[in-house]
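All values below were derived from every heavy atom in this structure, side-chain atoms included, with hydrogens, water molecules and symmetry-related copies excluded. Here is how names work: the chains are called A, B, and so on, in the same order as the sequence lines, proteins then strands, and each is numbered from 1.
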Amino acid sequence: MKEFKRYTVTTALPYANGPVHIGHLAGVYVPADIYVRYLRLRHKDVIFIGGSDEHGVPITLKARNEGVTPQQVVDRYHNIIKESFKKFGISYDIYSRTSSQIHHETAAEFFKTLYDKGEFVEKISKQYFDEAESQFLADRYIIGTCPKCEYEAAYGDQCENCGSSLSPEELINPRSVISGNKPILKETKHWYLPLDKYENWLKQWILEEHKEWKPNVYGQCKSWLDAGLFPRAVTRDLDWGVKVPLHEAENKVLYVWFDAPIGYISATKELRPDWEKYWKDAETKLVHFIGKDNIVFHCIIFPSMLKQEGSYILPENVPANEFLNLEGDKISTSRNWAVWLHEYLEDFPNKQDVLRYVLCANAPETKDSDFTWKDFQARNNNELVAILGNFINRALVLTHKYYDGKIPVPSEITDKEKEIREEILKIKSDLEKNIENYKFREALKDFMQISRIGNKYLADTEPWKLIKTDSERVKTIMYYSLQLCAISVVLGEIFLPFSMEKLRNMLNMEKTDWEDVLKFDLLKPEHKINQAELLFEIIDDAKIEEQLNKLAKTKEMNESSAKTVSPQKEEITYDDFVKQDIRVATILEAEKVPKADKLVKLLVDTGIDKRTIVSGIAEYYKPEEIIGKQVCVLVNLAPRKLRGIESAGMILMATDKDGSLKFVSPENLTANGSVIS
RNA sequence: GGCGAGGUAGCUCAGCUGGUUAGAGCGCAUGAUUCAUAAUCAUGAGGUCGGCGGUUCAAGCCCGCCUCUCGCUACCA
């Protein structure tokens with residue numbers, strides 16, 4: 001493996017429109033923190049970079065809804081996030097933010113460099129524009145009726161009722177969120193990063209030179225590269241963000257995906273005057289810790305920006321994790337289905353390490369994993385308390401009992417002690433290998449193995465019996481047990497910094513070097529240790545029940561709010577209504593449209609004629625089961641081609657609250673062509 | 001429909017370029033033990049490695065088809 005002179009470690013910038021939850025921690029911040037603490041202990045030159053991502057449309061919308069400025073929104077969440085990271089022991093060298101002056105300068109400069117090099121492609125397109133407010137409308141600033149489920153308040157990019165993703169032009173009856181007016185389409189100019197031009201070197205760099213990346217990361221990149229890349233707009237018509245540094249681009253800002261990763265660079269600038277060596281020296285190892293939703297940005301888009309800028313290095317690895325579920329369901333900010341870090345810190349004071357432990361032990365390294373409070377309790381009680389805490393306590397209690405808290409002078413060692421030394425040697429090297437390969441779950445197991453060895457050692461040698469017959473031997477046993485405690489402090493502090501600090505104080509131990517653990521003399525004979533305290537305490541059922549109840553309440557609330565029916569549409573006249581020609585028809589033939597998940601091609605007898613209609617019902621009806629069924633058809637709808645098939649009309653469907661579709665049929669057999677009015 | 005990742009003991013997961021009786025932790029059962037927060041230690045039960053077919057002397061690992069989960073993507077009048 002290549003040796004690097006220094007490391008730049010970044011963590012995905014949390015979006016400052018909400019606090020941080022356990023999913024973020026397990027996937028990104030806990031593993032990154034372990035990695036960095038490890039590097040520091042080994043005296044590597046490393047900087048650990050984080051910060052809040054504070055631009056983008058959702059923040060401006062939130063601000064609007066709350067009647068405050070975007071800056072006030074991001075100030076609030078930035079502070080919450082920063083504070084909870086700090087309390088949780090995420091050991092950033094700097095936790096910055098993208099609304100800072102230095103970031104605006106850095107990002108604008110970065111854009112300007114690419115612009116001057118002629119990297120961007122300019123394009124003029126038509127966007128919705130609010131004339132009354134004289135501003136362009138981002139997708140999220142347009143609401144209208146969802147073309148799929150007819151929900152009245154769907155956003156321009158997504159319908160929150162049926163979950164389908166949309167583009168603004170699809171909305172029926174679009175309205176501006178700001179003024180309520182109907183927007184017009186107006187031309188606007190934007191700059192695009194031509195990712196398609198970089199395909200060749202990206203393929204070479206990732207697919208050939210980084211086969212060691214995690215399978216999920218590598219596979220995701222391959223998927224994108226094989227599908228072909230497209231130019232991507234780097235600017236937007238918006239007033240919240242980094243101003244585009246061009247005269248002809250007033251009222252435009254950098255698209256948030258473009259400015260956010262540059263935040264890593266600006267934070268480094270803010271941290272150190274010699275920031276450039278962390279970003280521009282080939283002997284620096286750049287590592288991005290992210291979640292799987294960010295793979296394409298950090299593996300393809302940001303590297304493209306860095307490479308085309310010309311002076312930057314590219315990431316050496318991007319260890320992206322999968323997602324953490326909560327009690328079997330996807331974590332969701334909008335449905336409040338989450339364990340929020342700031343709430344955990346209040347509900348479980350001084351138990352940062354318990355959560356760090358559980359999230360690391362169960363981290364979604366290779367696939368989505370599930371956090372349950374029962375597992376949280378079990379890992380605390382059966383592993384932290386029973387294995388680790390118990391071993392430490394046994395060793396310390398016996399030392400106080402037999403030697404008044406002084407480390408005994410060991411006598412001769414036996415094969416048993418030699419064995420232990422060898423085991424520790426192996427544990428240490430395994431642990432190192434695992435950390436360096438981003439296998440934090442395994443590394444944590446390696447660490448726990450130390451206490452397991454200790455517990456077994458005590459059970460095998462039974463010093464509480466030997467003390468009566470062979471007190472010299474007991475000195476060796478206790479000496480070795482205490483060394484195991486000290487070794488735990490050194491190797492364990494990367495995972496459990498708070499508890500290991502506490503243990504260090506109990507052992508009255510100096511800061512020691514990672515490499516010294518193998519000497520088995522971190523605690524010298526005659527050294528006096530302090531009073532023993534419990535490192536971890538048992539978490540009882542009541543405490544777990546509390547959390548489960550909290551979640552049950554959330555679930556209840558979500559269910560009751562899901563029952564809302566979309567409001568009545570605006571009034572129309574009878575004339576409006578009779579324009580629609582709806583007839584009873586019978587399905588004669590039905591077959592699935594190939595290469596489409598949802599489409600069924602139907603031949604229906606409308607009484608007027610027999611015609612082909614394509615309908616998106618394949619998820620709810622099997623073609624063979626609906627032949628002969630009578631349905632309602634809007635027959636005078638303009639024909640349209642779907643997947644190459646001309647569809648003449650529309651089958652009327654009822655959309656249930658879960659989004660499923662059902663036919664609307666006459667109660668009894670009715671003549672085809674009967675008018676519905 | 002296309003692409004990617006995953007489907008290994010009750011649970012959470014390891015299994016390197018295919019090679020003897022498939023591993024770990026938790027849970028469970030039995031025994032030992034009391035220094036320790038009813039904690040510890042030992043032993044054991046438990047798997048047709050998602051399904052079917054193929055390549056091979058030999059497949060959890062390679063190939064084909066199917067199926068389920070997650071993600072991206074196309075389609076949705």
Distances for protein N/O vs nucleotides 24-26 of chain B N/O pairs under 3.5 angstrom?
{"from": "G25(B)", "atom 1": "O3'", "to": "R452(A)", "atom 2": "NH1", "distance (Å)": "3.3"}
{"from": "G25(B)", "atom 1": "O3'", "to": "R452(A)", "atom 2": "NH2", "distance (Å)": "3.3"}
{"from": "C26(B)", "atom 1": "OP1", "to": "R452(A)", "atom 2": "NH1", "distance (Å)": "3.2"}
{"from": "C26(B)", "atom 1": "O3'", "to": "N382(A)", "atom 2": "ND2", "distance (Å)": "3.3"}

So what does [X] touch, heavy atoms closer than 4.0 Å: a base, only the sugar-phosphate, or nothing?
X       : answer
L466(A) : nothing
V296(A) : nothing
Y402(A) : nothing
L534(A) : base
A227(A) : nothing
N362(A) : sugar-phosphate
L634(A) : nothing

Could you work out the separation of [N] and [M] based on their [atom1] atoms and round it to a whole Å?
N      : M      : atom1 : answer
A45(B) : G64(B) : C1'   : 38 Å
A36(B) : C41(B) : C1'   : 13 Å
C57(B) : G18(B) : C1'   : 13 Å
G54(B) : G27(B) : C1'   : 39 Å
C16(B) : C3(B)  : C1'   : 28 Å
C26(B) : A39(B) : C1'   : 15 Å
G60(B) : G19(B) : C1'   : 13 Å

Output yes when at least one side-chain N/O atom of [X] is less than 4.0 Å from OP1 or OP2 of [N], else no.
X       : N      : answer
K330(A) : U69(B) : no
T372(A) : U12(B) : no
K598(A) : A74(B) : no
K456(A) : A42(B) : yes
R441(A) : A14(B) : yes

Please write out the pairs of protein N or O atoms and N or O atoms of nucleotides 1-3 of chain B separated by less than 3.5 Å, giving the distance to one decimal.
{"from": "G1(B)", "atom 1": "N7", "to": "D597(A)", "atom 2": "OD1", "distance (Å)": "2.7"}
{"from": "G1(B)", "atom 1": "N7", "to": "D597(A)", "atom 2": "OD2", "distance (Å)": "2.9"}
{"from": "C3(B)", "atom 1": "O2'", "to": "S223(A)", "atom 2": "OG", "distance (Å)": "2.9"}

Pair partner, A74(B) [Watson-Crick or wobble, under 3.5 Å]: none

Partner of M653(A) under side-chain contact (heavy atoms from CB on, under 4.5 Å), chosen from V631(A), V664(A), L661(A): L661(A)

Backbone N/O of F440(A) and side chain of N434(A): donor-acceptor pair under 3.5 Å: no

Test item: S488(A) side-chain N/O and L484(A) main-chain N/O as donor-acceptor pair under 3.5 Å: yes

Nearest-Å distance for atom pair CG/P, residues N321(A) and G6(B): 14 Å

E442(A) or L535(A), whichever maps to the more 5' nucleotide of RNA chain B: E442(A)

Distances under 3.5 Å between nitrogen or oxygen atoms of protein and nucleotides 30-34 of chain B:
none

Closest to side chain of N390(A), choosing from U40(B), G6(B), A14(B): U40(B)

